[in-house]
Amino acid sequence: MRVLVVGSGGREHALVWKLSQSPEVTKLFCAPGNGGIGELAELIDLGAEDIEGLAEFAENKDIDLTVVGPEMTLAKGVVDLFEKRGLRIFGPTKAASRLESSKAFAKNLMKKHHIPTAQFAVFDDPQAARAYVRQLGAPIVVKADGLCGGKGTIVASTLSEALGAVDLLMEDRIFKQAGERVVVEERLVGEEASFLVVTDGVTALPLLPAQDHKRLLDGDKGPNTGGMGAYAPAPVVDAALAAQVMDQIIMPTLRAMAAEGLAFKGVLYAGLMLTGDGPKVLEYNVRFGDPELQAILPLLSSDLMPILDDAVEGRLSTAQCRWEAGSCVCVVLASGGYPGDFPIGKEIHGLDQGKGRSGLLVFHAGTKQDKARFVSWGGRVLNVVGTGPDLEGALRRVYDAVGAIRFDGMAYRKDIGFRALKKPVTR
Ligand code: AMP
Ligand code: GLY
C-alpha cells in the first residue's frame with residue numbers, strides 16, 4: 001500500500017515510524033512532514049490544510065490510504081473531498097468533526113444523549129454570557145466554541161477573570177469567529193486522562209489510556225501549551241474504569257453520532273476528568289492526541305496499517321490491538337519562550353547518541369534538516385520517547401537521553417508521569 005500521512009508534528013512522526021514497519025506498506029509520503037520524518041517518508045511540499053492539493057496528490061500518485069493528523073485538516077472537510085473523488089482516507093467527515101470543531105455542538109450532543117459532562121450553557125451574546133457567569137460565580141470555565149489550537153479555554157478562579165475571558169473572546173475577538181460563540185461551564189475537579197479509540201462508527205478499539213501534561217512548567221504550573229509530555233498506560237484508568245468509559249462515554253457517543261446521521265469514523269479521543277461522580281467528558285478530539293500518540297504507539301505490538309484499513313472499511317469487529325507490557329514516556333523538548341515567541345534555527349546537538357539505543361526513540365516536531373545537521377524550527381522541537389518494564393524504568397531511559405541532547409534555549413519538564421508514580425499499574 002502507498003500511504004500518505006498529513007501533518008508535521010511529533011504525532012505524525014510517530015505514525016510514519018509505526019507505519020514504516022508494516023509489511024503492507026510499500027511507500028510512505030508525508031505532507032508537509034519535518035526533518036525527522038524525512039528519514040522515513042518522502043516529504044511532499046503541501047500544507048496540511050491544502051485539502052485540494054492533497055486530493056490532487058493522492059489521485060496522481062495512486063495513494064491507497066491517507067491518514068490525517070491535525071484537526072484543522074479534518075474540519076476543512078478533507079474526508080468529504082477525498083470520498084467524493086473516490087480516494088480512501090482515515091478520519092471523520094467535516095460534519096462529524098464538529099465534535100471537536102464546535103464545543104457547543106459537542107456539549108448539546110452530550111446533553112441530548114445523556115453522556116456525562118460538566119453543566120453548561122451556550123451564548124452568542126456577550127451580555128447574556130456575563131449575566132450567566134455572574135449568576136454561577138467562580139470558579140467557572142469559559143470556552144471558545146471553535147478551534148483555537150488548544151488555547152480557547154479559560155479556567156477562571158475569579159469572577160473578574162471569567163468576565164475578562166468573555167470580553168477577550170466575544171468583544172476583542174482574539175480568536176476571530178472561533179470565539180463569537182462561547183460555552184460557559186461548571187469547573188470539574190479531578191485527574192485528567194486521554195482515552196482514544198479507533199472506530200469504524202460501530203466498533204471501537206481502545207488504545208492504551210494516556211495522560212498529557214498541558215502546562216509548561218513542573219508541578220502543572222505556568223501557561224497551557226500543546227502538551228509538554230505524556231505517558232501510557234495511565235494507571236489511573238484501570239481496566240474497570242476503562243470499561244466504564246467505553247460503556248458510558250465512547251459507545252453512547254458513537255451511537256449518538258449515528259443517530260444524528262453523522263456516523264463517526266477515525267479516532268475518537270475523549271479528554272476526561274475523573275471526578276468523584278465518575279468520568280466526565282471535558283472535550284472531544286477527532287484525531288490522535290499529540291503528544292499522547294508518541295507514548296502509545298511504541299507499546300502497540302500489532303501492525304497499525306490493517307487496523308486503520310479495517311476502520312475505513314467498516315470491519316473493525318474482527319481487528320484487535322495487542323500491547324507490549326510496560327510503560328512508555330514522551331518528554332517534549334521545546335524552544336525557550338514557547339508557548340510565546342521563540343527563536344528558530346538553533347542547531348540541535350546530541351541527536352545521534354540516542355540513535356539505535358533499545359527502548360528509545362526520538363520523534364521530531366519542529367525541526368528542519370540543514371545539510372547534515374538538524375535545527376529547531378518550531379515551538380515544540382523534539383519528543384524523546386522511552387519504554388521500560390515500568391514507568392520508573394521508562395523515565396530513567398528517557399531522562400538519560402534528554403540529558404545528551406541540547407540546543408540553545410531548550411526547555412522541558414522534569415516531572416512527566418509524576419501523578420502515576422504513586423500508583424500501581426493494573427491492566
Ligand atoms: P478543552 O479546551 O476543553 O480541552 O480544555 C483544555 C483544558 O482546560 C483541559 O485539559 C482541562 O485542564 C481544562 N478544563 C476544560 N474544561 C474544564 C472544566 N469544565 N473543569 C475544569 N477544567 C477544565
Ligand atoms: N494532547 C492534547 C491534544 O492532542 O489535543
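What you are looking at is a predicted structure, and each value in this text was computed from that prediction instead of being measured. Remember, it's 1-based here, ligands and their atoms both numbered in the order they're listed.
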A.B. asks: Could you tell me whether Val155 and ligand 1 have an N or O pair separated by under 3.5 Å?
C.D. replies: no

A.B. asks: Going by the atom numbers of ligand 2, which of them fall below 4.0 Å from some non-hydrogen atom of Gly289?
C.D. replies: 4 (O)

A.B. asks: Checking the N or O distance criterion of under 3.5 Å, is ligand 2 in contact with Asp212?
C.D. replies: yes

A.B. asks: Of the side chain and backbone of Glu292, name the one, both, or neither that has a heavy atom under 4.0 Å from an atom of ligand 2.
C.D. replies: side chain

A.B. asks: Is Lys414 positioned over the aromatic face of Tyr399, cation under 6.0 angstrom from the ring centre and no more than 45 degrees off axis?
C.D. replies: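 Not satisfied by the 6.0 Å and 45° rule.
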
A.B. asks: Would Arg88 and Asp309 pass as an ion pair if we require N to O under 4.0 Å?
C.D. replies: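 Judged by the 4.0 Å cut-off on N to carboxylate O distance, Arg88 and Asp309 do form a salt bridge.
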
A.B. asks: Answer yes or no: does an N/O atom from Asp290 fall short of 3.5 Å to an N/O atom of ligand 2?
C.D. replies: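 Checking ligand 2 against Asp290, an N or O pair does fall under 3.5 Å apart.
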
A.B. asks: Atom 6 (C) of ligand 1: which of Asn224, Asn285, Thr153 has the nearest heavy atom?
C.D. replies: Thr153

A.B. asks: Determine, considering heavy atoms only, which of Lys214, Lys143, Glu100, Lys107 sits nearest to atom 15 (C) of ligand 1.
C.D. replies: Lys143

A.B. asks: Between atom OG of Ser157 and atom CD1 of Ile140, what is the distance when rounded to the nearest 0.5 Å?
C.D. replies: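 Answer rounded to 0.5 Å: 12.0 Å.
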
A.B. asks: Any carboxylate oxygen within less than 4.0 angstrom of a Lys/Arg side-chain nitrogen, looking at Glu100 and Arg287?
C.D. replies: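 Result for this pair is yes, salt bridge flagged.
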
A.B. asks: Which of the atoms in ligand 1, numbered in the order shown and given with their element, are less than 4.0 Å from a heavy-atom of Met273?
C.D. replies: 21 (C), 22 (N)

A.B. asks: Does this structure show an ion pair linking Glu313 with Lys265, if we count only N-O contacts that are shorter than 4.0 Å?
C.D. replies: no

A.B. asks: Report the part of Glu100 (side chain from C-beta onward, or backbone N, CA, C, O) that has a heavy atom under 4.0 Å from ligand 2; answer both or neither where that applies.
C.D. replies: neither

A.B. asks: Does a salt bridge link Asp220 with Arg419, judged by any charged N lying under 4.0 Å from a carboxylate O?
C.D. replies: yes

A.B. asks: Can you tell me which residue among Asn285, Leu147, Val286, Val78 is in a side-chain contact (heavy atoms from CB on, under 4.5 Å) with Ser97?
C.D. replies: Val286

A.B. asks: Counting only heavy atoms closer than 4.0 Å, does ligand 1 sit against the backbone of Glu192, its side chain, both, or neither?
C.D. replies: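 Within the 4.0 Å criterion, Glu192 contacts ligand 1 through side-chain atoms alone.
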
A.B. asks: Are Phe407 and Phe374 an aromatic pair, judged by ring center distance below 6.0 Å?
C.D. replies: no

A.B. asks: At what distance is the nearest protein heavy atom to atom 4 (O) of ligand 1, and which residue and atom is it?
C.D. replies: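 In this structure, atom 4 (O) of ligand 1 has Glu283 CD, 2.5 Å as its nearest protein heavy atom.
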
A.B. asks: Against heavy atoms of Glu185, which atoms of ligand 1 measure under 4.0 Å?
C.D. replies: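 Atoms satisfying the 4.0 Å criterion: 16 (N), 17 (C), 18 (C), 19 (N).
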
A.B. asks: Step through it carefully: locate the ring centre of Phe288, locate the ring centre of Tyr269, and say whether they are under 6.0 Å apart.
C.D. replies: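 No.
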
A.B. asks: Considering only NZ, NE, NH1 and NH2 on the basic side and carboxylate oxygens on the acidic side, decide whether Lys143 and Glu283 come within less than 4.0 Å.
C.D. replies: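 Looking at Glu283 together with Lys143, the answer is no, because their closest N to O distance does not fall below 4.0 Å.
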
A.B. asks: Just to check, does Arg287 reach to within less than 4.0 Å of ligand 2 when the distance is taken from its heavy atoms?
C.D. replies: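 Under 4.0 Å: yes for Arg287.
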
A.B. asks: Determine whether the side chains of Ser22 and Asp303 contain a donor N or O and an acceptor N or O closer than 3.5 Å.
C.D. replies: yes

A.B. asks: Please could you name the atoms of ligand 1 that Leu188 approaches to less than 4.0 Å, counting only its heavy atoms?
C.D. replies: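 That gives atoms 18 (C), 19 (N), 20 (N), 21 (C) of ligand 1.
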
A.B. asks: Where is the nearest protein heavy atom to atom 17 (C) of ligand 1: which residue, which atom, and how far?
C.D. replies: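 Its nearest protein heavy-atom neighbour is Leu282 CD2, 3.4 Å.
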
A.B. asks: Should you measure from each heavy atom of Arg187, which atoms of ligand 1 turn up under 4.0 Å away?
C.D. replies: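 In order of number, 20 (N), 21 (C).
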
A.B. asks: Quick one: which ligand 2 atoms are inside 4.0 Å of a heavy atom on Asn285?
C.D. replies: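 Within the 4.0 Å cut-off of Asn285, ligand 2 contributes 5 (O).
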
